[in-house]
There are 2 protein chains.
Amino acid sequence: MSDGQGDAGLEDVVDGLLEVTSRVHHVVCSVAARHDLTPQQLELLRMLAVPVSMRAFAEELSCDPSNVTGLVDRAERLGLVERVPDQSDRRVRILKLTTKGRNLRSTINQEVARSLTNALGLSTDDHAKVMSVLAAMTSATKPPRTD
Amino acid sequence: MSDGQGDAGLEDVVDGLLEVTSRVHHVVCSVAARHDLTPQQLELLRMLAVPVSMRAFAEELSCDPSNVTGLVDRAERLGLVERVPDQSDRRVRILKLTTKGRNLRSTINQEVARSLTNALGLSTDDHAKVMSVLAAMTSATKPPRTD
DNA sequence: GCTCAACCATTGACTCCCTCAAGTATCGTA
DNA sequence: TACGATACTTGAGGGAGTCAATGGTTGAGC
């Protein structure tokens, strides 16, 4: 519509991408709600496959460290995660899932996979083709630079 | 890892999907921040291509109507949107972009498209292949049922 | 025509998410 | 040992979101 015809399909790709993103978000919220979690708490569980420091976690999330404090406060209150003091540096707290947290993480991962499959019809698609498209997108630039 | 080999690739597809979703979200937040908007305000602009009632908007967003009130309050304060009383039903307020809102919407759409292209390497991909994958996902089930 | 249930939008109370600015404790180094 | 960096926390403040309750409006039945 705007300039030529070179990018004829780009607008559609962008719209499709945003639509898919919206559906994924919807699925994630729905699974989270089922377990009385916020989407952020669910994301915290997903990211804690391996213990990390508060600092490292804030960087992975690209957010302020003080935000992680609050996030972890609430997750700790739910008994999902614990702060373990680092042996070599007493300033550092290592975030680790509790047994309850690990179990919930596993359950949630399964439910997210199943719900996404239903919501997006993943099972009826050619996984290889889908993967190649997704892989191309995520490998384009390693750091999530936005511009 | 879990059961057989039938779903061998599903876990990877899910992970890839969540990774792409995360990157898209990051891009959207970044574009929004550039214009002193929250991601939700940006989404509001995107969705208001055509005027709708508060009620209809809440349904599109799958959220409580009172949330829309707040969202629109802030957008109105920024001069991006206005509430127009409906002629045929005086309970209803129609949401309409102002000229400023329409201009910003257009700018933002371009910026989102450009940033997504950069962040996900869309330009180097085969648009047709990407579109066919995205279309399959969004057409799988019309209503965004999550389960 | 009048009444009453249903409906649209708003308000207030509450929680979570998030950022920024300060503050505390610890580390590493000179 | 003193000092600048680093890791985390705290407090203030605002947006996002839900729920319950309220006011104005509509529409259907009597």
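For clarity, every value in this text was computed on a predicted model and none was experimentally measured. Below, chain A is the first sequence line, B the second, and so on; all start at residue 1.
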So which protein N/O to nucleotides 14-21 of chain C N/O distances come out below 3.5 Å?
| residue | atom | partner | partner atom | Å |
| --- | --- | --- | --- | --- |
| C:dC17 | OP1 | A:T38 | OG1 | 2.4 |
| C:dC17 | OP2 | A:R74 | NE | 2.1 |
| C:dC17 | OP2 | A:R74 | NH2 | 2.5 |
| C:dC17 | O3' | A:Q40 | NE2 | 3.3 |
| C:dC18 | OP2 | A:N67 | ND2 | 3.2 |
| C:dC18 | O5' | A:N67 | ND2 | 3.3 |
| C:dT19 | OP2 | A:D64 | N | 3.0 |
| C:dC20 | N4 | A:S66 | OG | 2.6 |

>> So if I apply the side chain to side chain contact (heavy atoms under 4.5 Å, CB included) rule between B:L95 and each of B:V50, B:V72, B:L71, which one comes out positive?
In response: B:V72
>> Taking salt bridge (charged side-chain N to carboxylate O under 4.0 Å, His left out) as the definition, give me every residue that meets it alongside B:D15, ordered by chain and number, with sequence neighbours left out.
In response: A:R46
> Can A:H35 and A:E111 be counted as having a side-chain donor-acceptor contact under 3.5 angstrom?
Replying inline: yes
>> Can you measure B:D73 atom CG to C:dT10 atom C1' for me and round it to whole angstrom units?
In response: 9 Å
> Taking CG from B:L95 and P from C:dC8, how many angstroms apart are they, rounded to a whole number?
Replying inline: 14 Å
>> Between P on D:dT26 and CZ on B:R90, what's the gap in Å once rounded to a whole number?
In response: 5 Å
> Quick one: does A:R93 reach the base of D:dC8 with a side-chain donor-acceptor pair under 3.5 Å?
Replying inline: no
>> Tell me the interatomic distance from A:M54, atom CE, to C:dA25, atom P, rounded to whole angstroms.
In response: 17 Å
>> For A:I94 versus A:P51, what's the shortest heavy-atom pair and its separation?
In response: CG2-CB, 3.7 Å
>> Is there a side chain to side chain contact (heavy atoms under 4.5 Å, CB included) between A:R93 and A:R55? Walk through the geometry before answering.
In response: CA-CA 9 Å; A:R93 306 299 183 107; A:R55 176 74 184 151; over 6 Å; no
>> For a quick test of reading the model, state the closest non-hydrogen atom pair linking B:G16 to A:T138 and the distance between them.
In response: O-CG2, 4.3 Å
> Separation of A:I94 atom CD1 from D:dA7 atom C1', in whole Å?
Replying inline: 11 Å
>> Measure CG/A:D86 against P/C:dG28 and give the value in whole Å, please.
In response: 11 Å
> Roughly, in whole Å, what's the span from CZ in B:R55 to P in C:dC7?
Replying inline: 8 Å
> Mapping B:S88 and A:R83 to their closest nucleotides on DNA chain D, which lands nearer the 5' end?
Replying inline: A:R83
> What nucleotide, of C:dA9, D:dG24, D:dT6, holds the atom closest to the side chain of A:R91?
Replying inline: D:dT6
> Rounded to the nearest Å, what distance is computed from the CG atom of residue A:D89 to the C1' atom of nucleotide D:dC8?
Replying inline: 11 Å
> Any side-chain donor paired with an acceptor under 3.5 Å for B:H25 and A:T21?
Replying inline: no
